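Down below is the structure, laid out as structure tokens.
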Amino acid sequence: MGPRNAHELFEALDRDQIIPYFQPLVDLRTGVLTSFEVLARWDHPVDGIVAPDEFIPLAEETGSIGELTDRLLHKVFAVASIIPPHITLAVNLSPLQFRDLNFPRELRQAASAGNFQLDRLVLEVTESALVGNTQQAGAIAHELKQLGVKLALDDFGTGYSSLRHLQMLPFDELKVDGSFVRSMGVTRESRKIAAAVIGLGQSLGLTTVAEGVETRNQADMLLWLGCDQGQGWLYGRPVPIAEVPGILARDTLLSGEEIPDQFLGPIAPHMEALPAQRLAQLEAIYDGMPVGISFLDRQLRFLSVNKRLAEIHGFSVAEHLGRRVEDLLPGTYALVAHLLKRALDGESFSGIEVQDPRLGPHLRRRTFLVSLQPVRDEAGEVVGVSTCNVDISKRKQAEEALREAEDHYHHLVELNPHIPWTTDADGLNEDLSPAWERLTGMPPHEARDRGWMRALHPDDIAGTCAASQRSAATGEPFDVEYRLRDASGNYRWMRSRGFPRRNHEGQIIRWYGSLEDIHEAKTTQQALIRSEALLKAIIKAVPVGLVFAEAPSGAILMNNPQFEEMLQRPAISARTLADYQKSGARHPDGRIVEPLEYPLAQAIVTGEPAGPRDMLFKRPDSSTTWIRCSAAPVVTEDGKIAGGIVATLDIDEAFREREALLERIASLEAELSDLKRLLAPADFALDVPVPGWMRSPSR
Ligand code: G
Ligand code: G
Ligand code: MN
């Protein structure tokens, strides 16, 4: 890029290479676009876009600055129609042009050629334009003002700064130089200077514009200091006309999410001196408040709203202003309309819970605490309503979660057949479920510490006490059974179990446990133990052999010792009903006993008592013994045959005695017939009847 020369610049002017760039100016509070500053650029065919520092001084030296500005103005006026008329356009003037008495006329001609309303134009001049040139400048300024043009004092605070300059011309705007904005964040002194400059502008009734705003922090500070407008990279760089529609399409030139968390920033929260600043500071406080605030007029239009409320509503501050609540937020309006109307009649409301009908982030409904206050004028008439919204969704959710947890707990405790309890580290009772009182009739406060032990069976107190102390000392889980006196004075068996809860250092901080009613289980168990013992005693005592088998297999489960004594062997080798035949038992007539003739098998198969049947069994030592067997099925409650039991009676002796007797009878009979024969001639007959029991049983 070579040094620029006059010839090159003339060519550029001829070829229309000097073009306007547009940089946005915004309302500092809302970020809404208010104006564009026009900045000259040389669209160089070789070097690309050339900055004005490189050609404006040259244009001034070579006397072509007038032509340059004229051409630029024509271009700006030609495209201005795409920019809404309330957006002003600011154009920079060289100090030299403030000496050119033709300038106002040229400007008027250019404006009418471009059909441009000059009240949309701001002309920016630096202080150097005023040095040694007061009279002429005053005349030109006067003429420009008559055309409707506004004047801005540019780069204020640099160069030949003098407060006198501010008085010299009828300025509308004061542009605070970017150097102040930059240094403002650095030291308290520079902040004071910036505050003074802004205060000065405001106290003279000028619109203050801060240049070179690059950060959010700077913007917040400027707002706090009472500055009206901002310009800088935070809101947008200078762009060619093609990019202007994109800027116009945006509601605010601030990125939406970025909300200052504190209005204080690095500035001390005390009020600065000037009234205008105080107002601005109040506005900053207003915006920075963690609650949503607005003021509604009698038509329920938003006259003012702070940033927090704007954020809550999901619209920008600017979108609120002048719009009716009903139009902007129909859903919310429906909920509070009656209250708003009553507030207009002079009633005030505070702490009204309102659920936002719209879903917030994470699809949660937000809840607000809303207060409405009528606002009155000096005469006491209600001129509007001030509103205050506090987001209590978090608190609401926490409350709900708590309620739910309590509900869960309640169900767990109330509907649980167990009785939960807690004790302190030493095992002293702290808390018992309400079921305790229902069961024992002892109120919880009486049960505290070791009071609950008074409800125990006297015989169980010592053991329980010892177990409790042992657990407290060792940290071993607590597990005891004791009898507890219920409300009607009867004792019920309970099982109390507890586990220690430790802190992160491993120390026991509390015991959690529960009391279980085991009375039924315990008493049936005891009954069972008793009947089992009884049964065992009977089984042992009876002079009969007993054998138990399961159904339907017939497998032998057990036999008592008496049985083993009878047969000199256990019965348990049989696994099936058919196995019974392995014993090789015989009927009294010598026939082999078939499997289903064994009374035990018969009882298992038929489900009916079977026998008695007398059978001859062979013992392992080959001796034999007579046994009488009677069997019965074991039938469960639902009618199923679970097994069978057979009682065996040793009849060997009796049977053998009878056999011997029968043998004797037989021999007596034989002797008798012999005797008959000897004694009996044909006429002699002796008939001796034989008693029935002496005859052989019929088989
Ligand atoms: O953004 P930029 O680098 O364009 O600004 C550099 C300087 O040039 C600024 O001080 C600005 O006021 C000045 N400047 C920009 N455009 C013009 C113009 O059209 N006329 C005059 N006189 N000065 C301008
Ligand atoms: O006319 P004036 O001197 O005020 O022109 C503004 C100058 O400041 C231009 O050079 C413009 O490009 C530049 N500028 C605009 N916004 C910023 C900004 O945010 N930071 C910096 N460093 N310069 C800016
Ligand atoms: Mn400028």
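Both ligands and their constituent atoms are indexed starting at 1 by order of listing. One is the number of the first residue; the rest follow in order along the sequence. As the structure is a prediction and not an experimental result, all values here were calculated from the model.
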Problem set entry | Close-contact set for ligand 1 against L93 heavy atoms, below 4.0 Å | 22 (N)
Problem set entry | Considering only N, O or S atoms of E37, the one closest to the Mn ion (ligand 3) | OE2
For this session: Check each heavy atom of R237 against ligand 2 and say whether those closer than 4.0 Å belong to the side chain, the backbone, both or neither.
Result: neither
Exercise. Can you tell which part of Q218 has a heavy atom less than 4.0 Å from ligand 2: side chain, backbone, both or neither?
Worked result: neither
Exercise. Which heavy atom of the protein is the closest neighbour of atom 16 (N) of ligand 1, given with residue, atom name and distance?
Worked result: A40 N, 2.9 Å
Exercise. If you measure from each heavy atom of G178 to ligand 2, is any distance below 4.0 Å?
Worked result: no
For this session: Could you walk me through whether E143 and R105 pass salt bridge (Lys or Arg N to Asp or Glu O under 4.0 Å), step by step?
Result: CA-CA 9 Å; E143 235 180 300; R105 185 173 40 83; over 6 Å; no
Exercise. Considering only heavy atoms of L72, which atoms of ligand 1 have at least one such atom less than 4.0 Å away?
Worked result: 19 (O)
Exercise. Do NZ/NE/NH1/NH2 and the carboxylate oxygens of R71 and E67 come within less than 4.0 Å?
Worked result: yes
Problem set entry | Sidechain N-carboxylate O distance under 4.0 Å for D327, R301 | no
For this session: Measure from the Mn ion (ligand 3) to every N/O/S atom of E124 and report the name of the nearest one.
Result: OE1
For this session: Within a distance under 4.0 Å of any heavy atom of D53, pick out the atoms of ligand 1 and give their elements.
Result: 6 (C), 7 (C)
Problem set entry | Whether H320 and F302 hold their rings parallel, tilted or perpendicular, with breakpoints at 30° and 60° | perpendicular
Exercise. To the nearest 0.1 Å, how far is atom 4 (O) of ligand 2 from its closest protein heavy atom, and which atom is that?
Worked result: E211 OE2, 2.4 Å
For this session: For ligand 2, note which part of D154 has a heavy atom under 4.0 Å away: side chain, backbone, both or neither.
Result: side chain
Problem set entry | Side chain R298, main chain V382, donor-acceptor under 3.5 Å | yes
Exercise. Counting heavy atoms only, which part of R41 comes closer than 4.0 Å to ligand 1: side chain, backbone, both or neither?
Worked result: side chain
Exercise. In Å and rounded to the nearest 0.5 Å, what is the CD to CG distance from E127 to D177?
Worked result: 10.0 Å
Exercise. What are the atoms of ligand 2, with element, lying closer than 4.0 Å to any heavy atom of Q23?
Worked result: 15 (C), 16 (N)
Exercise. Under 4.0 Å from any heavy atom of S94, which atoms of ligand 1 are there?
Worked result: 22 (N)
For this session: For atom CD of Q109, decide whether the heavy atoms of other residues, nucleotides or ligands shown that lie under 6.0 angstrom number more than 12.
Result: yes
Exercise. Can you find an N/O atom of N92 closer than 3.5 Å to an N/O atom of ligand 2?
Worked result: yes
Problem set entry | Contact check: D154 to the Mn ion (ligand 3), N/O/S below 2.8 Å | yes
For this session: Quick one: sort the F77 and F116 rings into parallel, tilted or perpendicular, breaks at 30° and 60°.
Result: parallel
Exercise. Does K150 reach the main-chain N or O of F171 with its side chain, forming a donor-acceptor pair under 3.5 Å?
Worked result: no
Exercise. Which protein non-hydrogen atom lies closest to atom 14 (N) of ligand 2, naming both residue and atom, and how far is it?
Worked result: W233 NE1, 4.0 Å
For this session: If you have a sec, work out which protein heavy atom is nearest atom 10 (O) of ligand 1 and how many Å separate them, to one decimal?
Result: D155 OD2, 4.3 Å
Exercise. Among protein heavy atoms, which lies nearest atom 5 (O) of ligand 1, and at what distance?
Worked result: P52 CG, 3.7 Å
